[in-house]
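Single-structure report; data block below.
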Amino acid sequence: MDRDFGSKPGSAGVASHAAQAVDRKERLRQLAMQTMDISKDPYLLRNHLGSYECKLCLTLHNNEGNYLAHTQGKRHQENVGRRMAREARDNPVLPLARTKKVALRKTVKIGRPGYQVTKQMEQETQQRSLLFEIEYPEIEEGLQPRHRFMSAYEQKVDAPDKDFQYVLFAAEPYETIAFKVPNIEVDKSEGKFQTNWDKEAKTFSVQMFFKLPLGSGSSAPPRPPGPPPPPSE
């Protein structure tokens, strides 16, 4: 019996180039289905007819497996390489600017500073005020104490209370201290909010006035009535 040249007895003969191509595409399709997530493919488009389109190569495919086999082919891979090269050329990656790393300070705290709080009321405007005097005798050389306001919902020590806020004072190497004050808008107009750092006495003072509630007005209390006018002749 005659047999194809190069084939072994009992075999089906040497596969043609077409059959080899079909077998290769099938193996590529199986490999792609196992390794690729088609839902994340940026070039895949499913049209209204249920077919699959490759937006990069402008090709049409009947099913998902056929599209996956296309993505492993030479044409698609070359087009992907061209697209990546063009994007790299149009959007060059600039070198990162060198940023100086700021080392965190590790200061040993020496406890809380001494303080005095004075409640006051201005007679003319009936505005309430608070005067904070914080003593920092061991403050680090060249530093000045700082202060800031904190919402009741920002702090994590007490249960939040919308009627109060906190004012914080900090200076190394002392611990930060906080005072609970009414949640009323602070008057920042001229002469109503003052800070002072006495470098000689090492005392930091802050005086703040609270604005009057709406509708209360800011007029001074009524003065006593003056003397009656002289009788007319």
Side-chain angles (χ1 to χ4, degrees), residues 94-233:
L94 299 177
L96 296 177
R98 290 189 175 183
T99 56
K100 185 178 180 180
K101 294 184 178 180
V102 179
L104 297 177
R105 299 187 60 184
K106 297 181 180 180
T107 305
V108 178
K109 302 296 183 179
I110 62 174
R112 297 180 180 180
Y115 61 86
Q116 181 177 350
V117 182
T118 305
K119 298 180 180 179
Q120 300 171 328
M121 176 177 287
E122 193 176 56
Q123 294 298 325
E124 294 182 359
T125 62
Q126 296 296 302
Q127 284 182 275
R128 291 186 296 168
S129 69
L130 291 173
L131 173 62
F132 298 92
E133 296 175 292
I134 319 296
E135 299 175 354
Y136 294 107
E138 302 296 332
I139 189 172
E140 291 187 4
E141 187 69 25
L143 291 184
Q144 179 174 331
R146 295 164 294 145
H147 76 282
R148 79 175 184 94
F149 290 92
M150 176 185 288
S151 166
Y153 298 94
E154 185 180 353
Q155 56 86 31
K156 305 298 181 182
V157 177
D158 300 333
D161 189 339
K162 62 181 181 62
D163 294 328
F164 294 93
Q165 60 183 329
Y166 295 80
V167 56
L168 281 64
F169 296 89
E172 299 291 353
Y174 292 90
E175 296 179 5
T176 301
I177 59 176
F179 297 91
K180 192 174 183 180
V181 300
N183 189 19
I184 302 174
E185 185 178 358
V186 176
D187 192 348
K188 295 293 184 68
S189 59
E190 185 177 358
K192 297 296 184 178
F193 188 88
Q194 300 178 355
T195 63
N196 180 62
W197 168 235
D198 190 335
K199 295 182 179 180
E200 300 298 330
K202 301 296 181 64
T203 301
F204 182 59
S205 59
V206 174
Q207 184 176 26
M208 62 184 69
F209 285 81
F210 296 97
K211 289 187 175 182
L212 293 174
L214 294 177
S216 62
S218 60
S219 60
R223 297 181 179 180
S232 58
E233 295 181 357

Of the non-hydrogen atoms in [X] and [Y], which two are nearest, and what is the gap between them?
X: L143; Y: I139; result: O-CD1, 3.7 Å
X: T176; Y: A170; result: OG1-CB, 3.6 Å
X: T118; Y: Q116; result: OG1-NE2, 4.0 Å
X: Q207; Y: L131; result: CB-CD1, 3.8 Å
X: V186; Y: M208; result: CG1-CB, 4.0 Å
X: L212; Y: Q126; result: CD2-O, 3.4 Å

Task: Sole candidate of F179, F204, F193 that passes ring-ring contact (aromatic ring centres under 6.0 Å, His included) when paired with F132 - done: F179
Please report the interatomic distance [atom1]([X]) to [atom2]([Y]), rounded to the nearest 0.5 Å.
X: H147; Y: I134; atom1: NE2; atom2: CD1; result: 11.0 Å
X: L168; Y: F149; atom1: CG; atom2: CZ; result: 10.0 Å
X: Y166; Y: D161; atom1: OH; atom2: CG; result: 7.5 Å
X: E133; Y: T203; atom1: CD; atom2: OG1; result: 7.5 Å
X: M121; Y: F209; atom1: CE; atom2: CZ; result: 11.0 Å
X: K211; Y: K188; atom1: NZ; atom2: NZ; result: 9.5 Å

Open item on the list: V167 vs M150, test: side-chain contact (heavy atoms from CB on, under 4.5 Å). Steps then yes/no.
Closed with: CA-CA 6 Å; V167 56; M150 176 185 288; over 6 Å; no
TODO: Take T195 and Q144 through the test side-chain contact (heavy atoms from CB on, under 4.5 Å) and record every step on the way to the result.
DONE: CA-CA 11 Å; T195 63; Q144 179 174 331; over 6 Å; no
Task: Donor-acceptor pair, side chain of N183 and main chain of K162, under 3.5 angstrom - done: yes
Open item on the list: I'd like to know if the side chain of Y174 reaches the main chain of E138, judged simply by a donor and an acceptor atom lying under 3.5 Å from each other, with no hydrogens or angles considered.
Closed with: yes
Open item on the list: Around atom CZ of F210, are there more than 12 heavy atoms from other residues, nucleotides or ligands closer than 6.0 Å?
Closed with: yes
Open item on the list: Restricting to salt bridge (Lys or Arg N to Asp or Glu O under 4.0 Å), what partner residues turn up for R148, sequence neighbours left out?
Closed with: E154
Open item on the list: Under 6.0 Å between ring centres: does that hold for F169 and Y115?
Closed with: no
Open item on the list: Assess whether a salt bridge exists between E175 and K109, defined as any Lys/Arg side-chain N lying under 4.0 Å from an Asp/Glu carboxylate O.
Closed with: no
